[in-house]
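Inspection log for the structure reproduced underneath, given as structure tokens.
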Protein chains: 2
Amino acid sequence: MKFERHDAIRELVAHSLVTNQDELRRKLRRRGFAVTQATLSRDIHALRLSKGPGGYVLPSTDVGNGAAENDGPPSVAEVLASFGLRIRQAMNQVIVGTMMGGAQPVAAALDFEEWPEVLGTIAGDDTVLVICADPRRATEVEMRLRAMLES
Amino acid sequence: MKFERHDAIRELVAHSLVTNQDELRRKLRRRGFAVTQATLSRDIHALRLSKGPGGYVLPSTDVGNGAAENDGPPSVAEVLASFGLRIRQAMNQVIVGTMMGGAQPVAAALDFEEWPEVLGTIAGDDTVLVICADPRRATEVEMRLRAMLES
DNA sequence: TCACCATTTGCATACTTATTCATTCGTGTT
DNA sequence: AACACGAATGAATAAGTATGCAAATGGTGA
């Protein structure tokens, strides 16, 4: 599935050095995603990654911009774009994987927005557990979060 | 000269959209720099530019990091790396071109460090004029600033 | 189930970027 | 001036990335 592969790409790029698309292809294959370079070129475009001196990097959106010019706390969309790596669903739960230290801000934003489908959140260092009433609602939330992540 | 070309590349990348190296080559040629793509590949590496969905971009160093964790004001090196685009010298003066709004911070940092060769600075929006006692000292300052810019 | 449409993917290839090697250029020395 | 030597450059080409097109895949409704 494409979205799982995108999640894996974000994780690889965030946590390891990816110099070129063929290297990415080999790393993904070890994780069970066997695709060609052509597909990765398209994925990289979709994920808006950039390539610099240190290989590929996630788009940096820098939510906290020093000068406090926002009235409210950052939105889920902002904070997900900054820290979110991976979204998964199981039963009535959604698991959000983030960059180290990103779980708390994500959970705080979710709490603040008070989505009706969300009963509660628990955040560690790099994982947020989002609890919904039932699988249907969890899928709903997963979709919405995923859309924000793919921005 | 290589450094002038680097300055021009920084300016082009900062102020206009540069999609690929051949486009950069054409834009540079209009400004009087006639070099091949091979040279630009090397320049881009030296300047640590990255290429993303929106063409080439300068390395973002983000001097003001919100959480105030530095004791003193930012150094000339830091602020130049963030805002500096171009360095030129004429007689006993050094002219520093910066990104819009970057001149004041650069001048402030220079003033704070009190370099012996620098008699004074004047800053507009995107240009800092640095005054030295004589051409020799101006060249000295130019060299030092340039080294910081090329980081 | 089957047909149908949209999406995703691979293949082949065009396009873009990096590198090797040889040459030229600039600078300091004899 | 002639020379030596390291830096910079271009030409050719290798390495890496993007894309047109056709085939495969997957979801949907008859």
Side-chain angles (χ1 to χ4, degrees), chain A residues 1-10 12-13 16-59 87 89 135-136 139-140 142-143 146-147 149-151, chain B residues 1-10 12-13 16-59 86-89 135-136 139-140 142-143 146-147 149-151:
Chain A
M1 197 59 142
K2 188 168 69 152
F3 291 135
E4 276 80 355
R5 190 179 64 239
H6 281 188
D7 290 348
I9 291 173
R10 259 189 298 261
L12 283 170
V13 166
S16 74
L17 176 65
V18 180
T19 300
N20 60 43
Q21 297 181 1
D22 215 58
E23 185 180 330
L24 178 58
R25 188 180 58 74
R26 288 191 295 273
K27 290 188 173 180
L28 281 171
R29 195 180 42 192
R30 271 183 250 137
R31 296 192 169 205
F33 300 96
V35 292
T36 61
Q37 172 269 325
T39 297
L40 296 185
S41 171
R42 292 186 264 249
D43 286 349
I44 282 168
H45 179 82
L47 295 174
R48 295 173 173 72
L49 305 188
S50 1
K51 183 180 186 179
Y56 285 100
V57 293
L58 297 170
I87 316 262
Q89 186 226 330
R136 198 186 56 71
T139 302
E140 169 70 20
E142 185 202 4
M143 298 295 217
R146 202 180 276 296
L149 195 52
E150 306 276 334
S151 60
Chain B
M1 197 59 142
K2 188 167 70 150
F3 291 135
E4 275 80 356
R5 190 180 64 240
H6 281 188
D7 290 347
I9 291 173
R10 259 190 299 262
L12 283 170
V13 166
S16 74
L17 177 65
V18 179
T19 299
N20 61 43
Q21 298 182 1
D22 216 58
E23 184 181 331
L24 179 57
R25 188 181 57 73
R26 289 190 295 272
K27 289 187 174 181
L28 280 172
R29 195 179 43 192
R30 272 183 248 135
R31 296 194 169 204
F33 300 96
V35 291
T36 62
Q37 173 269 326
T39 297
L40 296 185
S41 171
R42 292 185 267 247
D43 286 349
I44 282 168
H45 179 83
L47 294 174
R48 295 173 173 70
L49 304 187
S50 4
K51 183 180 185 178
Y56 285 99
V57 293
L58 298 170
R86 168 176 34 96
I87 316 262
R88 289 179 189 159
Q89 187 226 330
R136 198 185 56 72
T139 302
E140 170 70 22
E142 186 202 3
M143 298 296 219
R146 203 180 276 293
L149 194 53
E150 306 276 334
S151 68

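Residue numbering restarts at 1 for every chain, and letters A, B, ... go by the order of the sequence lines.
Rounded to whole Å, atom P of dG10(D) lies 10 Å from atom CZ of Arg25(B). The separation between Leu24(A) atom CG and dA18(D) atom C1' is 15 Å, rounded to whole Å. Atoms CG (Asp22(B)) and P (dG10(D)) sit 13 Å apart, rounded to a whole Å. Separating the NZ atom of Lys2(A) from the P atom of dT25(D) is a distance of 17 Å, rounded to the nearest angstrom. Regarding Gln21(B), its CD atom lies at a distance of 13 Å from the P atom of dG10(D), rounded to whole Å. Between Glu4(B) atom CD and dT9(D) atom C1' there is a gap of 16 Å when expressed in whole angstrom units. Atoms CD1 (Ile9(B)) and P (dA8(D)) sit 13 Å apart, rounded to a whole Å. In this entry the distance linking CD of Gln37(A) with P of dA15(D) reads 15 Å, nearest Å.
Rounded to 10°, the helix from dT1(C)-dA30(D) to dT30(C)-dA1(D) has 20° between the axis fitted to its first five pairs and the one fitted to its last five.
Of the candidate nucleotides dT17(D), dG10(D), dA8(D), dG10(D) has the atom lying nearest to any side-chain atom of Ala38(B).
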Glu23(A) vs Lys27(A), salt bridge (charged side-chain N to carboxylate O under 4.0 Å, His left out): CA-CA, chis, key distance, verdict: CA-CA 6 Å; Glu23(A) 185 180 330; Lys27(A) 290 188 173 180; 3.6 Å; yes
Applying side-chain contact (heavy atoms from CB on, under 4.5 Å), run through Leu24(A) and Ile44(A) and close with a yes or a no. CA-CA 10 Å; Leu24(A) 178 58; Ile44(A) 282 168; 4.2 Å; yes
Test Leu58(B) against Arg48(B) for side-chain contact (heavy atoms from CB on, under 4.5 Å), laying out the working first. CA-CA 7 Å; Leu58(B) 298 170; Arg48(B) 295 173 173 70; over 6 Å; no
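Residue contacts for Ala46(B): at a heavy-atom cut-off of 4.0 Å it reaches no nucleic acid atom on any strand shown. Residue Tyr56(A) is classed as a sugar-phosphate contact, given heavy-atom separations below 4.0 Å to backbone atoms only. Using a 4.0 Å heavy-atom distance criterion, Arg5(A) is classed as a sugar-phosphate-only contact. Using a 4.0 Å heavy-atom distance criterion, Ser41(A) is classed as a base contact.
With the nearest nucleotide of DNA chain C identified for both Asn20(B) and Met1(B), Asn20(B) has the one nearer the 5' end. Toward the 5' end of DNA chain D, the nearer of the two residues Arg42(B) and Arg42(A), judged by each one's closest nucleotide, is Arg42(B).
Looking at Asp7(A) and Arg10(A), their side chains come closer than 4.5 Å, going by heavy atoms from C-beta outward. Contact annotation: the side chain of Ile9(A) approaches that of Leu49(A) to within less than 4.5 Å [non-hydrogen atoms, C-beta and beyond]. With a 4.5 Å cut-off on side-chain heavy atoms, Gln37(A) and Asn20(A) do not count as touching. Counting only heavy atoms from C-beta outward, the side chains of Arg42(A) and His45(A) never approach each other to under 4.5 Å. Proximity of Leu28(A) to Leu40(A): side-chain heavy atoms (C-beta onward) are separated by under 4.5 Å at one or more points. Using a 4.5 Å heavy-atom threshold, the side chains of Val57(A) and Lys51(A) count as separate. The side-chain heavy atoms of Leu149(A) and His6(A), taken from C-beta on, include no pair separated by under 4.5 Å.
Not one side-chain nitrogen or oxygen of Thr36(B) sits closer than 4.0 Å to the OP1 or OP2 atom of dA11(D).
For DNA chain C, the contact window with chain A, defined by any atom under 4.0 Å from a protein heavy atom, covers dT8(C) to dC11(C) in 5' to 3' order.
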